[in-house]
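Quick notes on the structure that follows.
Lettering of chains follows the sequences in order, A, B, ..., and the numbering in each one begins at 1.
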Number of protein chains: 2
Amino acid sequence: MQRTLSDISYSTDEVALSAIAKALSHPVRIKILRLLAGEACCFTGELTSLIPMAQSTISQHLKALLEAGLIQGEINPPKVKYCIHRENWAKAQALFGEFFASEKSGGCGC
Amino acid sequence: MQRTLSDISYSTDEVALSAIAKALSHPVRIKILRLLAGEACCFTGELTSLIPMAQSTISQHLKALLEAGLIQGEINPPKVKYCIHRENWAKAQALFGEFFASEKSGGCGC
DNA sequence: CCTTCCAATCGTATATTTACGATGAACTAA
DNA sequence: TTAGTTCATCGTAAATATACGATTGGAAGG
């Protein structure tokens, strides 16, 4: 990147959508979210046993999901419990729902 | 990446979701899709005038969206008209819908 | 044939992502 | 205090993504 994106204007929704999409753009993060979204409320340790990746790598992915706001962590020494961030999850659901619904069928005859 | 992801097993949905999410992970691609999803069926030239980026860069983003299957191109010399790929769009919509709906509220009391 | 127009592709430079092992920090238990 | 457990962070290497200008390819028009 020789230039930043700062000289291009994006709407709040465009930035929010792309940020969430980026968080979802790796299959292992989809897998983690699926595990957390299911009934299993997971500790990191459970994730590391379920997913054949280095613990540090999984921790990195969890951090990415945290920063995207899709999950939240709850320290429970000596473990940390991760859960879906319900509020932001609902927001993301709404954003994607609106985005995909915006397609006007038959708009141009392609 | 020192190792490929090939030694980790992902479901078809996990791979499909992450691939679509990756295509959506850049704000300019969200913008392009919004423009195409609206009533305006665009030629590349219109996009380059609407988006302050080099023509080659926009072409690269269009290629990414093409490869993700979200849009389709129609050669109309000397121009090319791009449209939403309705069938895949609907598939993506369904995938994301199911994904976000899979969250079980109250599952773990976080 | 030659030029013009439009879009794709090439070549390149830089930034980010992804993965790993190693180390560090915090708490528990002996 | 001394280990042991759990997870985050650091440091690093390789792959991928992003952006640009320059070039190429193909069709239309002179």
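Put simply, NZ on K79(B) is 16 Å from C1' on dG26(D), counting in whole angstrom units. Distance, K63(A) NZ to dT6(D) P: 22 Å, rounded to whole Å. In this structure, E46(A) places its CD atom 11 Å from P of dT6(D), rounding to the nearest Å. The nearest whole Å value for the distance from the CD atom in E74(A) to the P atom in dA8(D) is 14 Å. When the P atom of dT6(D) is taken as reference, atom CD1 of I58(A) falls 14 Å away, rounded to whole Å. Look at CD1 on I51(A): it is 11 Å from P on dA19(C), rounded to the nearest Å. Rounded to an integer number of Å, the gap from I71(B) CD1 to dA7(C) P is 13 Å. Rounded to a whole Å, the CE atom of M53(B) is 9 Å from the P atom of dT18(D).
Ring orientation note: the planes of H26(B) and H61(B) are tilted relative to one another, at an angle of 30° to 60°.
Of the inter-residue distances, the one linking L17(A) atom CG with I30(B) atom CD1 reads 4.5 Å to the nearest 0.5 angstrom.
Counting heavy atoms from C-beta outward, F99(A) and L24(B) have side chains that approach closer than 4.5 Å.
Comparing the end axes of the helix from dC1(C)-dG30(D) to dA30(C)-dT1(D), each fitted to five base pairs by superposing C1' atoms of four pairs onto the next four, gives an inter-axis angle of 10° (nearest 10 degrees).
Listed pair T57(A) / dC20(C) meets the phosphate criterion, a side-chain N or O lying under 4.0 Å from OP1 or OP2. In terms of phosphate contacts, H61(B) brings no side-chain nitrogen or oxygen within less than 4.0 Å of OP1 or OP2 of dA17(D).
With dT9(D), dC20(D), dC20(C) as the choices, the nucleotide that has an atom nearest any side-chain atom of Q60(B) turns out to be dC20(D). In this structure, of dT18(C), dT9(D), dA19(D), it is dT18(C) that holds the atom nearest to the side chain of H26(A). The side chain of A54(A) lies closest to dG21(C), out of dG21(C), dC10(C), dT18(C). Out of dA8(C), dA22(C), dC20(D), the shortest distance to the side chain of Y82(B) is found at dA8(C). With dT6(D), dA8(D), dA19(C) as the choices, the nucleotide that has an atom nearest any side-chain atom of S59(A) turns out to be dA8(D). With dA7(C), dT17(C), dT18(D) as the candidates, the nucleotide lying closest to the side chain of K22(A) is dT17(C).
A donor N or O paired with an acceptor N or O is found under 3.5 Å between the base of dA8(C) and the side-chain atoms of Q55(B).
At distances below 3.5 Å, not a single donor-acceptor pair connects side-chain atoms of R29(A) with backbone N or O atoms of S18(B). Here the side chain of K31(B) pairs no donor or acceptor atom with the backbone of S11(A) at under 3.5 angstrom.
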Residue pair R34(B), D13(A): steps toward the side chain to side chain contact (heavy atoms under 4.5 Å, CB included) verdict: CA-CA 11 Å; R34(B) 278 236 175 106; D13(A) 279 6; 3.5 Å; yes
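By the ring pair (Phe, Tyr, Trp, His ring centres under 6.0 Å) test, F96(B) is found to be paired with F96(A), F100(A), residues two or more places apart in sequence or in another chain being considered.
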